[in-house]
Amino acid sequence: MKKSAAALIFAMALSAAAQNPQPSPQAAPSPSPAVAAPPGDVDTIDHIIAAVYDVISGPAGQRNWDRFHSLYYPGAHMIPTRRDDKGAVTARIFSPDDYAKRSQDFFSKEGFFENSIANRVEQWNNIAHVWSTYESRHAKGEKPFARGINSFQLFNDGSRWWILTVYWEAEDPAHPLPEKYLK
């Protein structure tokens with residue numbers, strides 16, 4: 001009797017699943033940012049990486065968030081990591097819009113200049129990964145106050161490059177950047 005009840009429940013579950021199939025995964029809608037990216041920002045991997053650093057860099061003041069958003073594919077993520085005072089590492093996931101809203105207060109008060117000092121690019125067909133070692137300064141020519149690595153995942157839709165993810169970690173005294181990532 002127990003076997004037949006279990007078989008009946010299993011059959012009912014299969015029937016329900018057949019009547020209510022799960023939607024199949026679909027591609028994200030074609031992106032249409034409010035402002036089109038300047039073609040020179042998104043035509044090559046090197047250009048889109050340079051555009052990211054350029055758009056967030058500058059003296060204290062407003063950033064060009066339209067240009068910033070035009071570099072990111074819909075649903076893109078920005079993932080900073082941090083190490084707390086006990087050594088635990090955590091990651092937070094932001095959208096580019098969240099990042100812009102959270103960062104503008106800082107950028108309004110502080111100069112911020114970030115640049116790549118070394119990039120390692122891996123590409124196959126329409127996907128690319130860039131391991132970009134960066135330095136951050138409050139003013140051009142100053143000693144960096146931070147260094148780390150940005151991990152960029154990129155997608156080419158046949159007409160331009162898009163950023164899907166930027167995932168980063170800053171170095172700290174216990175975890176300096178290895179020499180191999182500085183050249």
Side-chain angles (χ1 to χ4, degrees), residues 28 31 33-35 37 41-42 45-123 127-156 161-183:
V35 175
D41 280 358
V42 296
I45 293 169
D46 288 341
H47 288 166
I48 196 167
I49 298 301
V52 170
Y53 287 117
D54 185 55
V55 77
I56 64 172
S57 295
Q62 186 67 31
R63 298 297 188 259
N64 182 345
W65 296 117
D66 287 338
R67 180 182 179 207
F68 177 80
H69 284 99
S70 75
L71 305 172
Y72 292 84
Y73 199 79
H77 290 107
M78 301 187 75
I79 309 169
T81 62
R82 67 178 290 276
R83 189 175 314 275
D84 69 18
D85 56 353
K86 294 182 173 114
V89 179
T90 58
R92 294 198 55 192
I93 300 173
F94 295 101
S95 69
D97 192 48
D98 294 335
Y99 175 86
K101 288 175 184 172
R102 294 176 57 90
S103 298
Q104 187 53 57
D105 286 342
F106 173 80
F107 292 151
S108 292
K109 299 173 192 150
E110 295 280 343
F112 181 80
F113 294 84
E114 190 165 273
N115 63 287
S116 171
I117 57 173
N119 288 335
R120 291 174 178 240
V121 179
E122 294 287 335
Q123 178 188 353
I127 66 173
H129 178 254
V130 180
W131 191 262
S132 182
T133 305
Y134 67 84
E135 292 181 332
S136 303
R137 295 172 172 76
H138 290 296
K140 287 184 178 181
E142 283 186 356
K143 181 179 179 183
F145 68 86
R147 297 187 323 170
I149 294 179
N150 286 319
S151 172
F152 290 91
Q153 288 73 49
L154 305 171
F155 163 69
N156 189 300
W161 285 99
W162 295 93
I163 299 169
L164 298 175
T165 306
V166 183
Y167 174 45
W168 69 94
E169 182 173 342
E171 78 175 336
D172 61 41
H175 304 93
L177 290 170
E179 188 63 33
K180 71 180 182 178
Y181 297 125
L182 298 174
K183 42 187 161 171

Has Gln62 got more than 12 heavy atoms of other residues, nucleotides or ligands less than 6.0 Å from its CD? yes
Under the side-chain hydrogen bond (donor to acceptor under 3.5 Å, both in side chains) test, residues paired with Tyr167 that sit two or more places apart: none
Please report the C-alpha distance between Phe152 and Ile45 in whole Å, then the side-chain angles of each, then the deciding distance to 0.1 Å, and finally whether the side chain to side chain contact (heavy atoms under 4.5 Å, CB included) criterion is met. CA-CA 10 Å; Phe152 290 91; Ile45 293 169; over 6 Å; no
Walk me through it: do Gln153 and His77 pass the test side chain to side chain contact (heavy atoms under 4.5 Å, CB included)? CA-CA 10 Å; Gln153 288 73 49; His77 290 107; over 6 Å; no
Once salt bridge (charged side-chain N to carboxylate O under 4.0 Å, His left out) is applied, what residue pairs with a partner in residues 80-90 remain, sequence neighbours excluded? Arg83-Glu169, Arg83-Asp172
Side chain to side chain contact (heavy atoms under 4.5 Å, CB included) involving Ala170 - partner list, sequence neighbours excluded: Tyr134
Nearest 0.5 Å, what's the CD1-CG distance between Ile127 and Leu164? 9.5 Å
Closest heavy-atom contact between Ile48 and Trp161? CD1-O, 3.4 Å
Side chain to side chain contact (heavy atoms under 4.5 Å, CB included) involving Glu179 - partner list, sequence neighbours excluded: Leu182, Lys183
Closest approach of Gly58 and Phe113, non-hydrogen atoms and distance? C-CZ, 3.3 Å
Distance-minimising heavy-atom pair for Ile163 and Ala76: O-CB, 3.6 Å
side-chain hydrogen bond (donor to acceptor under 3.5 Å, both in side chains) partners of Asn119, counting only residues at least two apart: Ser116, Ser132
Considering only residues two or more places apart or on different chains, which pairs with a residue in residues 135-144 satisfy salt bridge (charged side-chain N to carboxylate O under 4.0 Å, His left out)? Glu135-Arg137
Test side-chain hydrogen bond (donor to acceptor under 3.5 Å, both in side chains) applied to His47 - qualifying residues, sequence neighbours left out: Asp43, Thr44
With sequence neighbours excluded, tell me which residues meet side chain to side chain contact (heavy atoms under 4.5 Å, CB included) with Ala50. none
Give, for atom CD1 of Ile56 and atom CG of Asn115, the distance between the pair rounded to the nearest 0.5 Å. 10.0 Å
Could you work out, with salt bridge (charged side-chain N to carboxylate O under 4.0 Å, His left out) as the rule, every residue matching Arg147, not counting sequence neighbours? Glu171
If you compare all heavy atoms of Arg63 against all heavy atoms of Val55, which two are closest, and at what distance to 0.1 Å? CD-O, 3.4 Å
Does anything in residues 88-107 pair up under salt bridge (charged side-chain N to carboxylate O under 4.0 Å, His left out), and if so which pairs, sequence neighbours excluded? Asp97-Lys101
Closer than 3.5 angstrom, by distance alone: can the side chain of Thr81 be matched with the main-chain N or O of Trp168 as a donor-acceptor pair? yes
Drop me the distance from Ile49's CD1 to Leu71's CG, to the nearest 0.5 angstrom. 9.5 Å
Could you give all pairs that pass the ring-ring contact (aromatic ring centres under 6.0 Å, His included) test and reach residues 82-108, with sequence neighbours left out? Phe68-Tyr99, Phe107-Phe112
To the nearest 0.5 Å, what is the distance between CE (Met78) and CD1 (Ile93)? 12.5 Å
Show the numbers, then the answer: is there a side chain to side chain contact (heavy atoms under 4.5 Å, CB included) between Trp131 and Glu122? CA-CA 9 Å; Trp131 191 262; Glu122 294 287 335; over 6 Å; no
Sequence-distant partners of Ser136, side-chain hydrogen bond (donor to acceptor under 3.5 Å, both in side chains), two or more places apart: Glu114
